[in-house]
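One structure below.
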Amino acid sequence: MLMLSLLLGVLPVALAEDGYELWLRYRPLPAAQADALRQQSRQLVVADASTTGQHTRDELLRALQAMTGSAPALASRASQAGALLVGTPATLPQLRALQPQLGGLGEEGYLIRRQPIDGRAATVIAANSDIGALYGAFHLLRLLQTGQALPADGIREAPRVKLRMLDHWDNLDGYVERGYAGASIWDWHKLPDYVDPRISDYARANASIGINGSVLNNVNSNAVSLTAPYLAKAAALADVLRPWGIRVYLSARFSAPVEIGGLSTADPLDAGVQRWWRDKADEIYRLIPDFGGFLVKANSEGQPGPQDYGRSHADGANLLADALQPHAGVVMWRAFVYSHEQPDDRARQAYDEFVPLDGRFRDNVLLQVKNGAIDFQPREPFHPLFGAMPKTPLMMEFQITKEYLGFATHLVYLGPLYQETLQSDTLAHGPGSTVASIVEGRLDNHALSGIAGVANIGADRNWTGSQFDQANWYVFGRMAWNPRLDAADIARDWVRMTFTPDPAFVAPVVQMMMGSREAAVDYMTPLGLHHLMGRGHHYGPAPWVEGGSRADWTSVYYHRADADGIGFDRSASGSNAVAQYAPPLAAEFADPRRVPEQYLLWFHHVRWDRPMASGRTLWDELVHHYSRGVEYVRDMRRTWAGLDGHIDAERQQQVAAFLAIQEKEAQWWRDASIAYFQTFSGLPLAAGEAAPAHPLQYYQQLSFPYAPGDGK
Ligand code: GCW
């Protein structure tokens, strides 16, 4: 190992690492690459009048010094061959000639290319704004860290989506709903006078992947966030995030005018309520001039909303939109609604509620739609609202935190999940009407577009609760910037930067990551099953959950297993949720012979003995999937153990320990699910399939009163 490291000209990798540095580790490059880079960055010329420019300069200095072993000379203009120039035509006169080529790149795009400056070889990163230049610098640093050459004709990039947001479900007491990485990173009590330096590290990491917005507080929101003292605290955070290109947003509680404003109503059509929100917006913008706007969860899971006053979601959203409009703020109104009283299939409700409102929202409203119609399950078909509301900009809401995918300890790379959803074809305007094209605003020519990810970030030293969950933050940012990117390419970049560029490590780890989501689907909820986890905390298998306050918070509501078969009939003979998709898709999903098997039990109630594509019966296929999922985790453990020595022992061992937990829990999911469903199918296990380790009652009596992340 030491020999190899010396040969490569890098330091031995035994130094302890705890994951804090994320993908921005800037380890020494192999000698030849370091030499080449030194030649190309003898002088560093960065427009640094603004704080953003200073961040860009410092990032490049730090990275180049660490990767090459020597610091480039800082200069205010390129005066020798081998300069790296970073800025805008307005801030660096030597970049003026590039002005025409920056057209169409907007405020966040950039060019990177080799380009003679005053007749001498140079590398330039040019943009229309300092933020664009910062993004370009991070792009170049990614190429350098991953050993990829700058293409001969350079790089021209601009984000395909405008709002690239992290939604933090963080409460004011520091608790993170569905958080598995410790407490909130916002220390509301010490703010505004003390801002933890960690906040700028958070912003820097986000900037490195293009995230440009943070919703600071939980969508299950507290009106106190909108009081003057808390706005001052949010403003202190905004001051740190701003130079990194990140705007601050707040979740707004719809009943705030009553709770903190002393009004007797929050009716959106009431003039006093309208005035209250206008004043509130003015107050916020005095403190945070570039405040992004509000995120709202209304009339959902007990949150207040316009329907409390007999008004529509459009009335509610427009109330806030009108207050923000003079300041160019936006409203992100969530479509995650389903009613307490409604006996209808929960998967249908958001569509039924919102489609009639298409065209009734103000221009500065986006509707934020989860990737699927139920709730961030290991697999869902894309939400039928995508493609059904052409007059409204629809934002994507993904979950980065793994509420339903094994919390922090399961290695589940979400890139394939995001990609599967984004590349789904809604057929809304014929073939090619992908979810990505809708989210980008391209399909229906919307000025606004956005993607939000429910953050998995907490105060844990490694930020996300596990090393591999950093990859989910990373891939989210990259796909928010460009929803057409490939999950495997992004995984490759991430592994190279986070661990090592050694191909003997990168190839098996990327392969492991790429199959990990399918494995989780297999051992948790194969073939279209969904929502079968423990009640409330959502930890572990509990397909037997029934009773309680609401049918649609039980497992039996979703799997509907009986002596004949299993699955939720959403065809015309059932809830007819299939009809919410474009007709050719609806026809495909409605036909049990044509629906992709991965969605079979999402859309159909199917007999246990139905033959599947493999030739197995449904029952045997189900068991096969459970076992295959567990087997995949076993393989990941073996692969990882075989890579010992490639990376630092600290991270190696933590990942190994988490994989052991994952294997145990995958087995638990398999065994509990099989033990339970066998009471309906009454069928034996196929030859070679092991019986569950315990009787069903054992699994049913397990309880987890302190499982993390539960809603409060
Ligand atoms: O996924 C569910 C979660 C809730 C969450 C809700 C939502 C913030 O279990 O904890 O509440 O969705 O998205 O509003």
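Atoms within a ligand are numbered from 1 in the order they appear, just like the ligands themselves. Throughout, residue positions are numbered sequentially from 1 according to the sequence presented. If you're wondering where the values come from, they're calculated on a predicted model, not measured in any experiment.
- Atom CG of D187 is separated from atom CD1 of I199 by 8.5 Å, given to the nearest 0.5 angstrom.
- Sorted by chain then number, the residues whose non-hydrogen atoms approach ligand 1 to under 4.0 Å are W169, E177, R178, N218, V219, N220, K297, E301, R334, F336, K370, D375, E403, Y404, H538.
- Between F677 and P543, the closest heavy-atom pair is CZ-CB, 4.0 Å.
- With sequence neighbours excluded, the residues satisfying side chain to side chain contact (heavy atoms under 4.5 Å, CB included) with A408 are Y180, D469.
- Here the CG-CG distance, from D322 to N364, works out to 7.5 Å after rounding to the nearest 0.5 Å.
- Taking P378 as the reference, Y404, L405, V521, M524, T525 meet the side chain to side chain contact (heavy atoms under 4.5 Å, CB included) condition, with sequence neighbours excluded.
- The stretch residues 378-400 participates, sequence neighbours left out, in these ring pair (Phe, Tyr, Trp, His ring centres under 6.0 Å) pairs: F382-Y581, F398-Y418.
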